[in-house]
*Asks:* 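Submitted below is the structure of interest, expressed as structure tokens.
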Amino acid sequence: MSPAGEPGPAGEKLLDVVDLAKTFPNGTRAADDVSFTVARGETLGVVGESGCGKSTTAKMVLRLLQPDRGTVTFAGTDVLRARGRDLKEVRRGLQLVPQNPQTSFNPRLTVRSSLEFNLRAHGVARRAWRSTVDDMLVRCGLRAEQGDSYPHELSGGQLQRAAIARALVTGPDLVVCDEAVSALDKSVQAQVLNLLAELQSDLGVSYLFISHDLSVVEHISDRVLVMYLGRVVEQATAGSLYRDPAHPYTKALLSSAPGAPGERIVLTGEPPNPADPPSGCTFRTRCPWVMDTCAAERPLLAVTPTGSLAACHLNLTSRPALAAPSPA
Amino acid sequence: MTTQAPALAPAAVSRPRTARRARRLPAPALVSAVVLAAVAALTLLAPLISPYGPLEGDLAARLQPIGSPGHLLGTDGQGRDVLTRLLHGARPSLLAGLLPVVFAAAVGIVLGLVAALGHPRVHTLVMRSLDVLYAFPAVLLAIAIAAALGSGISNAIIALAVILVPPVARVTESEAMRIKSADFMAAAQVSGAGRVSIALRQVLPNVAPGVVVYATALVGLSIVYAAGLSYLGLGVSPPTAEWGVMVSEMQQYLFTAPSLLLVPAVAILVVSVAFNVLGDGLRDFFNVRTDAS
Amino acid sequence: MTSPTETPETSGAAPSRPGAPAPTAGPALEVTGLTTTFSRGGRQVLAVRGVDVSVGAGESLVLLGESGSGKSVTIRSILRLYGSSARHTGSVVLGDQDLMRLDAAAVRAVRGRTLAMVPQDPNGSLDPLRPVGRQLEQVLRLHGVVADRKAARARALELLALVGIPSPPRVAASHPHELSGGMRQRVAIAIAVACDPAVLLADEPTTALDVTVQSQILDLFGDLQERLGTALLLVTHDVSVAADVADRVAVMYAGSIVEEGPAREVLENPRHPYTQALLDAIPRPTSERGHLKAIPGSPPVAGTDFHGCSFADRCALAQESCRTQPPALLPVADGHRAACPVANPVVAA
């Protein structure tokens with residue numbers, strides 16, 4: 001196995017994100033030096049609580065939001081500077097499945113028109129539209145005639161299938177799934193997760209899968225990025241993240257998930273105000289293992305004994321394994 | 001993935017049913033639509049069904065009361081048949097109500113979309129320019145423009161069109177700004193489509209119903225304004241038949257034959273109110289699908 | 001003014017362990033045969049089709065279900081929040097009163113006093129323009145549980161401390177927007193328990209919160225029940241929330257309870273195919289990617305008519321009889337009932 005920091009041996013780097021940073025005008029530091037890569041055919045999960053910067057990062061990758069600094073390279077093209085044909089190609093190859101199926105479709109257009117809109121944008125001949133759309137809808141588990149429905153006539157699960165069909169209809173290489181199953185009922189969520197996995201093995205598409213739900217991310221991802229307050233705190237393969245989480249925040253997240261083994265770590269307090277993050281390690285205000293160095297020095301991502309990357313000072317000094325901390 | 005089928009049945013049956021049931025024009029709006037259709041038909045048929053010529057007067061039979069033999073709605077101060085003049089006057093009156101709105105809607109929608117979807121600087125430029133027009137009371141502005149251009153129906157239409165552009169543009173802009181932050185716009189942007197395509201195919205379908213509703217109500221207003229301009233001698237000039245002109249002419253007989261003044265005034269009122277009620281009805285009609293969004 | 005369930009003596013002598021039998025005989029809240037029907041454009045929509053639940057003092061019951069299952073409608077119906085827009089049958093007995101037989105004014109007197117509700121999103125229930133302490137004082141004075149302004153202020157600070165707010169005077173002076181989501185939810189809970197209610201209803205109280213904050217709030221519910229002996233009826237779609245707080249779980253589907261029993265029993269040894277499938281559909285570290293056991297189709301829209309079992313269309317075990325005969329909720333083990341004759345055949349009644 002390759003170290004978790006690198007893409008797996010299967011594919012070349014499809015998406016390369018380097019040091020993305022964004023501070024909003026109100027002072028909220030939404031993303032701070034976020035770097036990662038996604039290989040062809042791979043799923044990179046991004047997990048974190050609200051305000052951790054995962055959705056902001058997705059928006060910057062998709063060029064829906066201009067970062068303050070950093071670069072996004074997709075299939076060799078600089079996404080943030082691309083123009084004309086290059087930009088078109090980036091748009092074709094880099095698609096989105098948004099969170100809320102009920103609002104991600106134009107209420108005045110049929111599902112078919114929404115899919116055709118994407119085909120038109122990429123100059124697909126009009127006579128190919130019907131069969132292309134039908135194929136993709138069927139592939140995503142809908143009936144072709146459901147394409148002629150308006151969004152309010154379909155259920156959440158059906159609409160999310162249609163949203164996946166819309167993302168895939170132009171044959172992209174990477175689909176950003178921004179909380180794509182979070183709004184669905186659990187029973188329907190499982191269908192959609194299965195569909196995503198099936199489409200990946202059929203089409204070789206990569207996913208950047210963003211969610212607050214650790215169990216979902218762990219299930220669908222090859223590698224996982226854990227974010228807290230705008231920073232990546234840990235990056236690991238999905239399996240090793242579960243078996244041996246390196247960062248205290250990851251441990252806490254894992255232990256609050258359903259059916260989690262071992263002792264539960266209940267964090268005190270809430271994430272600090274992103275407009276006024278703590279000095280040094282941003283997690284130190286809630287960390288059960290906090291030390292003096294944490295306030296003074298910002299921990300950088302470093303390779304852990306298990307081959308993951310974690311931004312924690314404990315990593316470099318003596319790490320008290322997984323033992324629960326004594327109450328402070 | 002065929003497993004989707006069974007549970008689909010109840011959902012597919014129950015949802016569209018409620019949607020379809022609600023998609024009907026409310027009764028008052030239907031009545032208004034019928035009234036307006038009748039007015040339109042009478043207007044078109046005016047030359048055929050009018051008992052006399054619009055300028056043909058008999059000074060011996062002036063100021064006949066309503067219901068006089070041969071003159072259903074009486075005669076005016078120059079002995080012209082009021083019914084005839086009402087029918088003939090409908091055409092310029094309605095044109096002066098409709099054309100400015102059509103023109104203002106076309107220009108206003110484009111300006112509103114450009115302002116909402118363009119660069120922030122374009123937004124500022126467009127909206128502040130419109131504010132300048134807004135700074136004047138609409139009626140005074142229309143009078144000023146019409147006076148500057150000189151009397152005549154086409155100048156009255158231009159003057160009204162100019163004053164109606166800012167409100168239409170504003171309605172379009174605020175609707176488009178709301179749509180711009182909708183979730184589906186992110187998907188539209190990511191699709192790779194150009195700005196014009198997004199404006200026309202994603203934003204316009206959402207903005208258009210609101211603007212149509214608003215414009216329908218504006219027609220009522222425009223008819224009143226147009227009549228007002230003619231009344232002041234800035235629109236259609238006498239002796240041409242037009243409802244505003246008729247009000248102006250009859251005014252001097254307010255004390256001798258007050259009922260005659262009511263005829264063109266009621267016509268203006270009925271048509272104007274009908275457009276307003278129709279606009280309200282269209283709003284309910286279109287709202288069905290907006291709710292579901 | 002004071003009903004037997006909320007005297008200080010009762011609160012003081014509340015059971016120290018959730019799930020322990022309540023000292024007073026009979027449940028704090030007993031709902032029998034509750035139905036709720038809405039009239040939607042001439043069509044009768046049956047959203048709750050005969051729900052029986054009861055919660056004892058100090059006990060917590062979780063209504064678990066997906067969207068459209070009628071779980072939220074159930075607790076809103078218990079609170080009689082729909083007024084004249086819904087028709088109900090059945091009874092909701094709280095102490096010695098049947099809420100379904102009370103007039104609107106009497107229901108209002110019960111609401112917030114003996115029967116309190118924690119909202120899903122505290123933003124909607126807190127007044128953004130007034131300090132939260134004042135809002136808490138107002139509730140106390142409205143229900144006349146304090147003598148004067150000074151007592152109200154003191155009690156408000158006490159309550160804020162009770163719900164685990166670190167510096168009550170500072171928080172009491174804050175406006176809602178100055179507080180974090182978790183703090184706002186704690187304030188909303190303080191307001192709910194202000195009058196020492198016998199029964200606390202909560203509609204997805206942690207859905208708007210982050211996972212790490214969610215566990216804090218759920219712990220708070222347990223803590224409050226221990227201290228106050230309040231009965232808790234909590235509605236959620238989240239199995240992990242149910243596992244965290246519930247003594248007993250009632251699983252709802254399409255407006256009915258399909259399974260009900262002790263939390264461990266229901267969540268570890270589910271007896272209804274829907275509960276089984278729902279639990280199987282949750283991704284676990286062991287589940288293989290692309291092979292989650294999904295339930296086909298989607299949950300029925302509220303108000304869909306069924307002749308037999310409402311889950312039959314999506315059920316792997318469904319037989320012909322399931323589509324014609326509505327299953328009854330029958331005992332399958334000690335204190336555990338399930339509405340599926342196929343999965344739980346022939347029980348000697």
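Here is how names work: the chains are called A, B, and so on, in the same order as the sequence lines, proteins then strands, and each is numbered from 1.
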*Asks:* So do the side chains of Pro299(C) and Val188(A) get within less than 4.5 Å of each other, counting heavy atoms only?
*Replies:*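 They are in contact (side-chain heavy atoms under 4.5 Å apart), so the answer is yes.
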
*Asks:* Any idea which of Asp219(C), Leu267(C), Asp280(C), Leu209(C) has the most non-hydrogen atom pairs under 4.5 angstrom with chain A?
*Replies:*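 Ranked by heavy-atom pairs under 4.5 Å with chain A, first place is Asp219(C).
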
*Asks:* Can you see which heavy atom on Asn194(A) is nearest to which on Gly290(C), and at what distance?
*Replies:*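 Shortest heavy-atom separation between Asn194(A) and Gly290(C) comes out as OD1-C, 3.1 Å.
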
*Asks:* So how far is it from Ser187(A) OG to Leu279(C) CG, rounded to the nearest 0.5 Å?
*Replies:*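 Interatomic distance, Ser187(A) OG to Leu279(C) CG, rounded to 0.5 Å: 11.5 Å.
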
*Asks:* Would you say the side-chain atoms of Gln158(A) and Ser298(C) include a donor-acceptor pair closer than 3.5 Å?
*Replies:*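 No, no side-chain donor-acceptor contact under 3.5 Å.
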
*Asks:* Say you draw a straight line from CG of Asp210(C) to CG of Leu253(A); how long is it, rounded to the nearest 0.5 Å?
*Replies:*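 Atom-to-atom, Asp210(C):CG and Leu253(A):CG are 9.0 Å apart.
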
*Asks:* For Leu267(A), is there any backbone N or O sitting under 3.5 Å from a side-chain donor or acceptor partner on Gln216(C)?
*Replies:*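 Side chain of Gln216(C) to backbone of Leu267(A): a pair is present.
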
*Asks:* Do Arg289(C) and Asp222(A) meet the salt-bridge criterion of a basic N to acidic O distance under 4.0 Å?
*Replies:*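 Yes.
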
*Asks:* For chain A, find its close neighbours in residues 250-266 of chain C: heavy-atom separation under 4.5 Å, sorted by number, or none.
*Replies:*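 The residues closer than 4.5 Å to chain A amount to none at all.
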
*Asks:* So does Arg76(C) have more than 12 non-hydrogen atoms from other groups sitting under 6.0 Å from CZ?
*Replies:*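 It does not: Arg76(C) CZ has 12 such atoms or fewer within range.
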
*Asks:* Using non-hydrogen atoms and a 4.5 Å limit, figure out which bit of Glu288(C) sits close to chain A: side chain, backbone, both or neither.
*Replies:*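 Backbone only.
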
*Asks:* As a quick check of understanding, evaluate side chain to side chain donor-acceptor pair (under 3.5 Å) for Glu49(A) and Thr212(C), giving each step before the final call.
*Replies:* CA-CA 8 Å; Glu49(A) 297 176 284; Thr212(C) 55; 2.4 Å; yes

*Asks:* Ignoring hydrogens and angles, tell me if any N or O in the side chain of Asp185(A) forms a donor-acceptor pair with the backbone of Glu66(C) under 3.5 Å.
*Replies:*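 Judged by distance alone, no pair lies under 3.5 Å.
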
*Asks:* Going from CG on Leu64(C) to NZ on Lys186(A), what distance comes out if it is rounded to the nearest 0.5 angstrom?
*Replies:*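 So the gap between those two atoms works out to 10.5 Å.
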
*Asks:* What part of Ser221(A) gets closer than 4.5 Å to chain C, counting heavy atoms only: side chain, backbone, both or neither?
*Replies:*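 Backbone only.
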
